[in-house]
J.: 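First the structure, then my questions, so here it is.
A, B, ... follow the sequence lines: proteins, then strands. Residue 1 opens every chain.
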Amino acid sequence: MHDIRKIVHDPKGFDSSLERRGIDPLSSVLLEIDQNRRNAIAAVEQLRAERNTASRSAGEARANGDHETFERLRGTAARMREEIARFEANLQEEEQRLRSLLLEIPNTAYDDVPDGADEDDNVEVRRWGDRREFSFAPKEHHELECCRAGMDFELAARLSGARFVVLIGAVARIHRALGQFMLDRQTTRNGYTETNPPVLVLEDTMIGTGQLPKFAEDSYQTNDGHWLIPTSEVSMTNYVSNQILDGDRLPLRLTAHTLCFRSEAGAAGRDTAGMLRQHQFEKVEMVSVTTPEDSLAELDRMTACAEDILETLELPYRTVILCTGDMGFGASRTHDIEVWLPGQNTYREISSCSVCDDFQARRMNARFRRTPGARPEFVHTLNGSGLAIGRCLIAVLENGQQEDGSVRLPAALGDWLDGCSTLTADGQLA
RNA sequence: GGAGACGUGGCCGAGUGGUUGAAGGCGCUCCCCUGCUAAGGGAGUAGACGGUUUGUCCCGUCUCGAGGGUUCGAAUCCCUUCGUCUCCGCCA
């Protein structure tokens, strides 16, 4: 959420930053609502002040036994009540209007984020790893011989419909090993604190990180009003909602391995083959909470922690900085990491690391004090995948595939696979 | 799910209609004293919003889990709701 005072102070600057994200100017509308709101505040507060004075004097008069004055002042204050209520209702309306409009405006991008309309305008910043030369035509993961028994899409469709998969046997175990490996790596090497958050959250929690109110159709809601998290960024970032943290607690670095749930409402027909895009998937997520001055460096650090997973698994990737048109709602700068998928002959997103400056912090009222007694300031929040586990499984399978239908597994997974290094063509670990 | 109790400032803890944004204690900040440490003395110490201003000075409004109500006036009374604790039931 944007600071209305900042918009008032520099409406043109605000509009031009919106323009970079392809959004029409809003400052004049916002300024008008805000002026109405301020007028309403002034009106209400003046009336309340008068009422309070009369009421206080009434109390004094009664204490002094001056019944005539008491009755007169009581009448005065009583008559004001209706008027105050009317002005209060008006104020509430203006505040609602402003808030609901502000809640639907995306974050603005940092100056150095490249302008652009869509993913074609993203800018590659680095590549890592050698893409294998295949002596045969590499297959997509769901076509691999070793996955015939280990990935059952028909079974999943029978149980749950489209965009689900049942992993079985060694494939399920490799998937689990990947999750364990990532979580252990983020905690023991990369300095994140492991947490195990709820995957069902309240509406306010979803508003805090920006999924609501605008993107309700992208997530699932339960019959008692809870929401299923589309990413544990939602749960973990909100650990600091409505808190005033001591400055020495920052940076806060959190990680979790959870299920994530997405309706994929806008993705009908896309990525329907295989398990690239599912309604339910697992992800190890990183969240950082920092001071404003540290957040950009933290973004680089977080990106490196995500890249570290791919490098340790020996998976080629490239890192891109998203252009203004491709960025998510709450981000002010985003680094996507795309892993090489030889079966698709392309790089596909496997991690997205974003800094949201104080955009989420304002929504969830997350603040800190630099020193004891100092004024509270909004924190900066960051989130990033470290990594998407299902997609990482795909990458491991496609990059390690052999002509005979088996897969050579990354050595780094050995500790979680009893030292096994191969998924055989008939779906066994060896 | 049933019965009961409770939710006050960073923490503990007073406060059952009136000048209480809130006693007292602890903690914290600053100052004084003490050769160090410990102890002692003094002052200060919630947040949001608005006015004013970019001076953290002043004025006003709101907030005692949240929302609503009664009243001239509510932390104090009533209703709803959320959460915590105890007992019972059920259950992974």
J.: If you only use heavy atoms from C-beta on, which nucleotide in B:rC72, B:rC49, B:rU61 is closest to the side chain of A:A49?
T.: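 Output: B:rU61.
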J.: Between A:Q92 and A:R56, which residue's closest nucleotide on RNA chain B lies nearer the 5′ terminus?
T.: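 Counting from the 5' end, the first nearest nucleotide belongs to A:R56.
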J.: Does A:R51 place a side-chain N or O at less than 4.0 Å from the phosphate oxygens OP1/OP2 of B:rC62?
T.: yes
J.: Answer with yes or no whether A:Q46 presents, from its side chain, a donor or acceptor under 3.5 Å of a partner atom in the base of B:rU61.
T.: no
J.: Give the rounded distance in Å between these two atoms: CG of A:D10 and P of B:rU54.
T.: 18 Å
J.: Let's test this: given Watson-Crick or G-U wobble pairing with both distances under 3.5 Å, identify the partner of B:rU16.
T.: none
J.: Residues two or more places apart in sequence or in another chain: which of them pass ring-ring contact (aromatic ring centres under 6.0 Å, His included) with A:H175?
T.: none
J.: When the ring planes of A:H279 and A:F164 are compared, do they come out parallel, tilted or perpendicular, using 30° and 60° as the limits?
T.: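 A:H279 vs A:F164 ring planes: tilted.
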J.: Using OP1 and OP2 only, check whether a side-chain N or O of A:N52 sits under 4.0 Å from B:rU61.
T.: yes
J.: Which value, in whole Å, describes the distance between the C1' atoms of nucleotides B:rG24 and B:rC77?
T.: 27 Å
J.: Quickly work out the A:R369 CZ to B:rA46 P distance and round it to whole Å.
T.: 9 Å
J.: Measuring to OP1 and OP2 of B:rG50, would you say a side-chain N or O of A:R37 lies under 4.0 angstrom away?
T.: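 Yes.
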J.: Taking the C1' atom of each, how far is B:rG35 from B:rA23, in whole Å?
T.: 40 Å
J.: Is the distance from OP1 or OP2 of B:rG47 to the nearest side-chain N or O of A:R367 less than 4.0 Å?
T.: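 No, because none of the side-chain N or O atoms of A:R367 sits under 4.0 Å from OP1 or OP2 of B:rG47.
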J.: Name the residue from A:T381, A:N107, A:T303, A:T334 that meets the side-chain hydrogen bond (donor to acceptor under 3.5 Å, both in side chains) definition with A:S354.
T.: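 It is A:T334; the other options fail the test.
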J.: Do the side-chain N or O atoms of A:R375 get closer than 4.0 angstrom to the phosphate oxygens (OP1, OP2) of B:rA46?
T.: no
J.: Checking all strands, does A:L73 fall into the base, sugar-phosphate, or nothing category for heavy-atom contacts under 4.0 angstrom?
T.: nothing
J.: Report the distance from atom CZ of A:R38 to atom P of B:rC62, rounded to the nearest whole Å.
T.: 20 Å
J.: Both A:H9 and A:I41 contact RNA chain B. Taking the nearest nucleotide for each, which residue is further toward the 5' end?
T.: A:I41
J.: Which nucleotide sits closest to the side chain of A:R74: B:rA46, B:rC72, B:rC62?
T.: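 Of the options given, the side chain of A:R74 lies nearest B:rC72.
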J.: Would you indicate whether the side-chain heavy atoms of A:N122 and A:I321 approach each other to under 4.5 Å?
T.: no
J.: Specify the closest pair of heavy atoms between A:L31 and A:V8, including all atoms of both residues, with the distance to one decimal.
T.: CD1-CA, 3.9 Å
J.: Determine: side-chain N/O of A:R79 to OP1/OP2 of B:rC72, distance under 4.0 Å, yes or no.
T.: no
J.: Any side-chain N or O of A:R62 under 4.0 Å from OP1/OP2 of B:rC72?
T.: no
